[in-house]
Structures are given as structure tokens and as C-alpha cells.
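Worksheet: the structure to be examined is printed underneath.
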Amino acid sequence: MNIDVIILAAGQGSRMKSALPKVIHPLGGKPMVQHVIDSAGRLPGEVRRHLVIGHGADRVREALASQPLQFALQAEQLGTGHAVAQAMPGVVEDSIVLVLYGDVPLIRSETLEALCHIAARDRLGLLTVRLADPTGYGRIVRNDVGDVVAIVEHKDASEAQRAIDEVNTGIMALPARYLREWLPQLRAENAQGEYYLTDVIALAAQSGVRIEAIQPAREQEVQGVNNRVQLAELERWYQRQQAEQLMTAGVTLADPARVDIRGTLTAGSDCFIDINTIFEGDVTLAAGVVIGANCIIRNSEIGAGTRIEPNSVVEGARVADGVTVGPFARLRPGTELAAGARIGNFVETKKAQIGAGSKVNHLSYVGDARIGKGVNVGAGTITCNYDGVNKSLTEIGDGAFIGSNSALVAPVSIGAGATVGAGSTVTKPVGDDELAVARGRQSNISGWKRPQKRS
Ligand code: UD1
Ligand code: CA
């Protein structure tokens, strides 16, 4: 199939009450319209995607600059038919046109494929839905034998037509050559003075082109977002779907309503995810990972059996198997923890490789560091990686022991098996198996009298 997808996104979205164009508002961590672009991208065959922009055009263009999209500017919003017409010059000769909406984000590619298959048989595929309350929508008008013959907009509908509960979702697919013929025939002689795309339905019926109406698997697929209440409803539904997919795949969620996935979470079997956890970007959990309450995990890989204890923030980290992180730990980008490592409370790491079985258990900053295996980094240790201008590396060999409250002034290296006495400020390299003590000596003064309060 050869498909031109036209996504309409020129409307103002004034009910969002936002400086941000509506279709850029995030749902599940990505712009609403990105969901539509992605669904369309999963269609089989050769697919070109066009985005019709108008209100906030520059910001939409900027936000989607990296996308394989052709932008068509609709300078004035004269209606959905007019909007589609703006993208038609970029539509190839014998293709199928699929019309989608930037503010109807959760449409599934399976549904779109079904519509395109109808259009491939030289028909018009129309997506309709029955609603308990059809107020405001275009109504699907059928003849005596049940064939669709027209769509009447709510504002133009008679009382009898308003009683119809089958409504237009706006989503349709049809051969491009029909649109080229029909779009110029649209007239704005209606209640809203707009060029209605929906009028092509009557033109199709009059031309003897069959109209096949199908329904989406779920109503949420065709739910549009007009305000932030609807956005929040759709967000919740979307999150629920993702939670169910995870549970089906063998993950236990302490509460499926209290986990948010803003990106892609891939999880092995028997993971446990506690409440109030947020996953952003691409996150992979191997089997048996435990994520404690209130953790935020972003663009990271977590190895099998690893535990991220409560209130930890993990970003851009690669964590191997059997590691323990937190509670209250912060792993920043470039952190690599080997198997069995332990990062404890109030520890921050950045660009730090920490070897197998090594421990940084309390109150430390480890940045720009390469730490070997079996190293013990005592409480309060700081790698002084920044001199105000440059960042420098700290290297610690296998089996070293760093006493509490040490400051390791980079660039510096500490050899394998070396020991650093507590409270040291280490500025020179320490050789293998050496003891470094770099602190003021203790002196005791006997008979010392405390100062007395002046009278
Ligand atoms: C439209 C349909 C209606 C359907 C409803 C479903 C028409 C005439 N009516 O009505 O049958 O039930 O959607 O939600 O098509 N847009 C542009 N440029 C324009 C006008 C609209 O890009 O000039 C975009 C808007 O940004 C929006 C979409 O098209 O994303 C729908 O426009 P809107 O004005 O909301 O149409 P409705 O009146 O809801
Ligand atoms: Ca609408």
C-alpha cells in the first residue's frame, strides 16, 4: 500500500488555556501528536506523513523538527476540508489518504490498517462510534438499507438527526484521486461557515463510491482532547493499559494506578514495582528486579535481581545483576555498577564505574571515577572532581579501603589493596597496598581549662 497520512493540527485548542499548542502537550511522556505520528508509522507499505499546522505553527514545527514529516501550513482555519486540501499538493498520485487528528492521540495502527484496506478496495473507509451522548459530533446518516449516505454536523442537524447516536470520529481513508475531485466541490454554506471534510461523504454516496463504516476496538482510541480534564482522563487510561501489559508480562505492581510510564518500560518476569514510581524514556528491567516506592528511573538498564530501594532517582545508569541501590540514592548519567555493588543512602554518583561487590554505603559523592572490585568507600567520602574549571578522574584499585570522610582530590589514583585513613585529604597518588594518612595530627593538652563566663 501507498499511504499519505494527513494529520490535522491547525486548530487553536483554546480550551487548553495554554501558551503551548495543544498537540504538543505530553501524554505518556511524549507530545500527543507524536502518538499519532508513531501509530501512522506502523502502517505497512510506503507511508508519508503530513502535518497540517496553523495556530502555534512555529512551536509545533520546532517540537517535531526531528520527525519524518511534511508540514503544510493552513494560515486560516477554514474547516477540516480546507485543512486536508492544504496537504494535498504533497500527496502522491495513486495513494490512499488517511485523515487523522493531532488531538486524537490513542488511535491504534490496527484500526488504521483496517481503514486503509477498505480504501485499497476503492472504497471510503470511515471510523464511527456509538455514543451515549452524541452531542456536538457529526451524525452518521444511513439510508433505508443501512448504507452511509451523509454526515450532518451537530449544528446543522435536524431534531431527528440529532437523535442518531452513531457519530463521526473524523478519521477516514480513501483513494487520493477522489479527494482531488471532491475537495474543490466543498462549499462553506453551513452553520459554521466552514469547508467541512465530512461533506465528502455525501459526494461519495452520490458518485456511487461505497462507504464502509467500521468501529474502533475501544472508545478511548477515538477520544479527542479539548481540555486538560480530558487529557488527564486519557493519560490515566493510557497508564492503565501499560500497567496491564506489564502485569500480563509477569510483573507485579503494588498498585497499577500508582505507576507512571512516560516512555518505554521493558521488564523481565517476576519484577516487583512498588507505588508512586515513575519510569521515563527507555528503561529496561531484567528478571526479578525490585523497584521500591517513590523511585524515578530514567533511561537506564537494571540487571537481574537488583533492588532499587525507596526514594531513589536513577538516570542514565547501567546497573548489573544483584546490585542494591538506595534508599535515597541518586545515580546520574554515566553511572555503571557491576554485579553485587552496593550504593547506600544519600550517595550521588555520576560518570562512575563501580566494580563488582564494591560498596559506597553512606553519604558520598562519587563523580568521574573508576573504582575496581571489592572496594569499600567509607561514609562521607567525596571525589573532588572539579577544580572550578576542569573535571578530573579518580581511580581506585581493587580491594582498596577508603576511610570515612576522605576527600580524594582528582586527578588522583589509589592503588589496589591501598588504605586511606579516615578524614584524609588525598592529593597525591597512593601505591598498591600502601596506607595513606593525610590529616592533622591529634594533640592532647592535659590540664586544659574551659573558658569561664565573664562576670
Ligand atoms: C469534527 C467533525 C465531526 C466529528 C468531530 C469528531 C468536521 C466538519 N466535523 O468536528 O463530524 O464528529 O470532528 O471530533 O470535520 N482543524 C484544522 N483546521 C481547521 C479546522 C479544524 O486543522 O480549519 C483540526 C482541529 O485542530 C482539530 C480537528 O481538525 O484537531 C477537528 O476540528 P474541530 O473544529 O474540532 O471539528 P469538530 O467540530 O469537533
Ligand atoms: Ca473537536
Side-chain angles (χ1 to χ4, degrees), residues 5-16 18 20-25 27 31-33 35-37 50-57 59-61 71-88 97-107 124 126-131 133-141 148 150-157 161-162 164-172 174 179 182-183 186-203 211 213 215-216 219-227 230-231 234:
V5 181
I6 301 178
I7 305 168
L8 304 191
Q12 183 161 22
S14 51
R15 281 173 283 171
M16 294 298 283
S18 176
L20 193 67
K22 175 163 75 173
V23 296
I24 303 303
H25 277 257
L27 188 149
M32 264 192 252
V33 65
H35 290 265
V36 183
I37 295 167
H50 310 260
L51 191 70
V52 180
I53 51 178
H55 277 283
R59 291 194 70 175
V60 177
R61 236 195 210 114
F71 293 96
L73 185 69
Q74 187 193 25
E76 256 189 298
Q77 281 68 60
L78 303 179
T80 47
H82 180 259
V84 170
Q86 306 314 300
M88 288 306 288
V97 170
L98 170 65
V99 180
L100 300 177
Y101 300 82
D103 57 359
V104 182
L106 297 186
I107 186 73
L124 191 155
L126 184 66
L127 194 63
T128 71
V129 67
R130 286 187 188 281
L131 294 181
D133 179 12
T135 308
Y137 290 90
R139 306 299 204 282
I140 306 297
V141 181
V148 176
I151 295 176
V152 183
E153 290 306 298
H154 182 92
K155 286 182 179 150
D156 302 297
Q161 286 167 332
R162 285 188 181 179
I164 299 170
D165 67 350
E166 187 184 7
V167 307
N168 175 34
T169 65
I171 294 171
M172 65 178 79
L174 69 167
L179 269 181
W182 297 333
L183 286 176
L186 298 183
R187 296 288 169 263
E189 285 144 21
N190 50 53
Q192 301 182 81
E194 289 183 359
Y195 296 92
Y196 290 165
L197 176 64
T198 45
D199 285 350
V200 304
I201 304 300
L203 291 169
I211 299 157
Q215 285 71 44
E219 209 177 280
Q220 285 82 359
E221 271 190 68
V222 295
Q223 205 116 67
V225 173
N226 291 313
N227 57 43
Q230 291 171 336
L231 178 59
L234 224 45

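Note that the coordinates shown come from a computational prediction; the quantities given were computed from them, not determined experimentally. Indexing begins at 1, ligand by ligand and atom by atom, following the structure's order.
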Inset, instruction - Out of Glu194, Gln223, Glu153, indicate the one that has the non-hydrogen atom closest to atom 10 (O) of ligand 1. - result: Glu153

Inset, instruction - First locate atom CD of Gln223, then atom CG of Leu231, and finally report the distance between them rounded to the nearest 0.5 Å. - result: 11.5 Å

Inset, instruction - Examine Asn168 against ligand 1 and note whether any of their N/O atoms are separated by less than 3.5 Å. - result: yes

Legend entry - Proximity to ligand 1 by part of Thr169, non-hydrogen separation under 4.0 Å: backbone

Inset, instruction - Look only at interatomic distance and state if Ala10 has a nitrogen or oxygen under 3.5 Å from any nitrogen or oxygen of ligand 1. - result: yes

Legend entry - Ligand-residue contact atoms, ligand 1 with Ala83, heavy atoms, under 4.0 Å: 17 (C), 18 (N), 22 (O)

Inset, instruction - With sequence neighbours left out, write down each residue that passes side chain to side chain contact (heavy atoms under 4.5 Å, CB included) with Arg162, or none if nothing qualifies. - result: Arg139, His154, Ala157, Glu159

Inset, instruction - Taking only heavy atoms of Tyr137 into account, list the atoms of ligand 1 that are under 4.0 Å away from them. - result: 6 (C), 12 (O), 14 (O)

Inset, instruction - Measure the spacing between NZ of Lys155 and CD of Gln192 and express it to the nearest 0.5 Å. - result: 4.0 Å

Legend entry - Region of Leu78 engaging ligand 1 - heavy atom pairs below 4.0 Å: backbone

Legend entry - Which residues share a side chain to side chain contact (heavy atoms under 4.5 Å, CB included) with Ser18, sequence neighbours left out: Met16, Leu20, His25, Arg228

Inset, instruction - Supply the atom-to-atom distance Ile151 CD1 to Glu166 CD, rounded to the nearest 0.5 angstrom. - result: 9.0 Å

Legend entry - Close N or O approach (Tyr196, ligand 1; < 3.5 Å): no

Inset, instruction - Determine whether Leu126 and Ile140 make a side-chain contact, defined as any pair of heavy atoms from C-beta on separated by less than 4.5 Å. - result: yes

Legend entry - Spatial distance of atom OG1 (Thr128) from atom CD1 (Ile211) [nearest 0.5 Å]: 11.5 Å

Inset, instruction - Pick, from Gly11, Ala9, Ala85, the option with the minimum heavy-atom distance to atom 25 (C) of ligand 1. - result: Gly11

Inset, instruction - Pick out which of Val104, Leu127, Leu100, Leu131 makes a side-chain contact (heavy atoms from CB on, under 4.5 Å) with Thr169. - result: Leu127

Inset, instruction - Before signing off on this row, confirm whether Thr80 and ligand 1 have an N or O atom pair separated by under 3.5 Å. - result: yes

Legend entry - Under 3.5 Å: N/O of Gly170 near N/O of ligand 1: no

Legend entry - Side chain to side chain, Gln161 and Asp156, heavy atoms closer than 4.5 Å: no

Legend entry - N/O separation below 3.5 Å, Gly138 to ligand 1: yes

Inset, instruction - Please name the pair of heavy atoms, one in Leu8 and one in Ala83, separated by the smallest distance, quoted to 0.1 Å. - result: CD2-CB, 3.8 Å

Inset, instruction - Pick one of side chain, backbone, both or neither for how His82 approaches ligand 1, counting any non-hydrogen atom pair under 4.0 Å. - result: neither

Inset, instruction - Indicate yes or no: does an N/O atom of Asp103 lie under 3.5 Å from an N/O atom of ligand 1? - result: yes

Legend entry - Short N or O distance, Gly79 and ligand 1, threshold 3.5 Å exclusive: yes

Inset, instruction - Indicate yes or no: does an N/O atom of Gln74 lie under 3.5 Å from an N/O atom of ligand 1? - result: yes

Legend entry - Proximity to ligand 1 by part of Tyr101, non-hydrogen separation under 4.0 Å: side chain

Inset, instruction - Nearest 0.5 Å please: distance from the NE2 atom of His82 over to the CG atom of Leu197. - result: 13.0 Å

